[in-house]
Structures are given as structure tokens and as C-alpha cells.
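Start at 1 with the first residue, then count along the sequence. Just so it is clear, the values below take in all heavy atoms, side chains as well, and ignore hydrogens, waters and symmetry mates.
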Amino acid sequence: MVLAQMRNMFSGGLGQANPGVMDATFDAITQLFDGADHDADDTGASDDDVSPDPLGAEDSAAICAFAENFVWALFKGDFANAHAALCRDLREELGPADLEREVAEMSTFLEGPVTSVEAQPPENDMPDMGPDDLAFVYVACASEYDNDAVSFMVCREDGQLRLSNIEWGRP
């Protein structure tokens, strides 16, 4: 439809100089579009083919509770349990002391103890999700004086929810 409108628009002006070239060009473009996967990415797969099913209420609630429990463990200083919530690859990359250092840095911005954490509804259609990731979760952390956030990718490993990536701080 759009290509037909463009063809008509050009046929009155530019196309009159060499109508055969214009027609051949639009025919080639039309063939490309007719046979193309219009929302393909660099993997060659259609976004429609790889888009995950929406998270159900039960899955969303479980992911939010997992995310909030992880953040509470961090701010309560339970770095061993927080570390256990990481997937294997991330546990190799970050140790409990690394988690403690990140939380200490965040705490300087919060200027006081965290009084609340709240996970936003998880999203499972983020462009940078890995094939094993279930959802992206953003968790707001508030103190009496300020707020900050932690966001991460949640995956399932050995039947358990785990974190596969952590981003410290608000965007």
C-alpha cells in the first residue's frame, strides 16, 4: 500500500524522466518487502517467532518476591545468601565481597538505612535479554532521605530463580 502510494507520487515528477527505471526499481522493492520478514533482527529470526509469552500473574509475583528478597538480603548485610541467588556464571564473576562493595557505594547515595524496596512489574521482552533469561526486573530502594535502584535479569537455573546480570543504581 505505501509503496503503491510512493509510486503514484513519484510517477508525476521524478518518474517521468525515466518511467521504466522507476517502475523496475519499485517492482524490485515490492518483491523484497513481499518476501521479507519485516521485523527480523540480525539473527534472521522474526521477532514474532522469538517473543516470549507474557508472564502470568503467578510468575510475575514470584519474580518480584525473589528480586525484593535479594535486595533486602543485600541491605541487611546477608551477602552469602545474596551471592547464592546469582547464577553460576555470575557467582564466578562476583563474590560476596563484591556485592558488599557495591551496596556500600549505593548506601553513600541513600544517606541512611533502606526503609523500603519495591520491584516494578517484570518485563520479558527486553532487547538485551539472553536466551535463558526470564525477565528484567527494576527494584526501587528508598531511605528516609533518598532513593536508588538495582535492576537485573532473572533466569531459571537448576529449577531455581537466579540472577544472571546486575545493574547498580538508577538509570
Chemist: Show me the donor-acceptor pairs, under 3.5 Å and distance only, between side chains in residues 134-143 and residues at least two apart or in other chains.
Modeler:
{"unit_1": "Ser143", "atom_1": "OG", "unit_2": "Leu110", "atom_2": "O", "d": "2.6"}
{"unit_1": "Ser143", "atom_1": "OG", "unit_2": "Tyr145", "atom_2": "N", "d": "3.1"}
{"unit_1": "Ser143", "atom_1": "OG", "unit_2": "Asp146", "atom_2": "N", "d": "3.1"}
{"unit_1": "Ser143", "atom_1": "OG", "unit_2": "Asp146", "atom_2": "O", "d": "3.2"}

Chemist: Can you find a heavy atom in the side chain of Pro122 that is under 4.5 Å from one in the side chain of Cys64?
Modeler: yes
Chemist: If you look only at pairs with a residue in residues 101-119, which of them pass as a salt bridge (charged side-chain N to carboxylate O under 4.0 Å, His left out), with sequence neighbours excluded?
Modeler: Asp98-Arg101
Chemist: Looking at every non-hydrogen atom in both residues, tell me the closest pair between Phe79 and Leu74 and how far apart they are.
Modeler: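 Phe79 and Leu74 have their closest heavy atoms at CE2-O, 3.4 Å.
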Chemist: Taking Arg162 for its side chain and Cys155 for its backbone only, find out whether a donor-acceptor pair lies under 3.5 Å.
Modeler: no
Chemist: Strictly by salt bridge (charged side-chain N to carboxylate O under 4.0 Å, His left out), give each pair with a member in residues 54-71 just once, sequence neighbours left out.
Modeler: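 For residues 54-71, and leaving out neighbouring residues, there are no salt bridge (charged side-chain N to carboxylate O under 4.0 Å, His left out) pairs at all.
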Chemist: How long is the straight-line distance from CG of Asn124 back to CG of Leu55, given to the nearest 0.5 Å?
Modeler: 4.0 Å
Chemist: Side-chain contact, heavy-atom cut-off 4.5 Å: Phe152 with Val71?
Modeler: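 Contact flag for Phe152/Val71 side chains = yes.
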Chemist: Would you give me the side-chain donor-acceptor pairs under 3.5 Å for residues 164-171, sequence neighbours excluded?
Modeler:
{"unit_1": "Ser164", "atom_1": "OG", "unit_2": "Asp133", "atom_2": "OD1", "d": "2.5"}
{"unit_1": "Arg170", "atom_1": "NH1", "unit_2": "Asn147", "atom_2": "OD1", "d": "2.9"}

Chemist: Check salt bridge (Lys or Arg N to Asp or Glu O under 4.0 Å) between Asp128 and all other residues, then give those that pass, not counting sequence neighbours.
Modeler: none
Chemist: Give me the atom names and distance for the closest heavy-atom approach of Trp72 to Val114.
Modeler: CZ3-O, 3.9 Å
Chemist: What are the two closest non-hydrogen atoms of Ala85 and Phe70, and how far apart are they?
Modeler: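 Smallest heavy-atom distance, with atoms named: CB-CD1, 3.8 Å.
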Chemist: Backbone N or O of Leu99 within a donor-acceptor pair of the His83 side chain at under 3.5 Å?
Modeler: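 Here the side-chain-to-backbone pair does not exist.
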Chemist: Can you measure from SG (Cys87) to CE (Met153) and round to the nearest 0.5 angstrom?
Modeler: 12.0 Å
Chemist: So which pairs with a foot in residues 75-88 pass salt bridge (charged side-chain N to carboxylate O under 4.0 Å, His left out), sequence neighbours left out?
Modeler: Arg88-Glu157, Arg88-Asp158
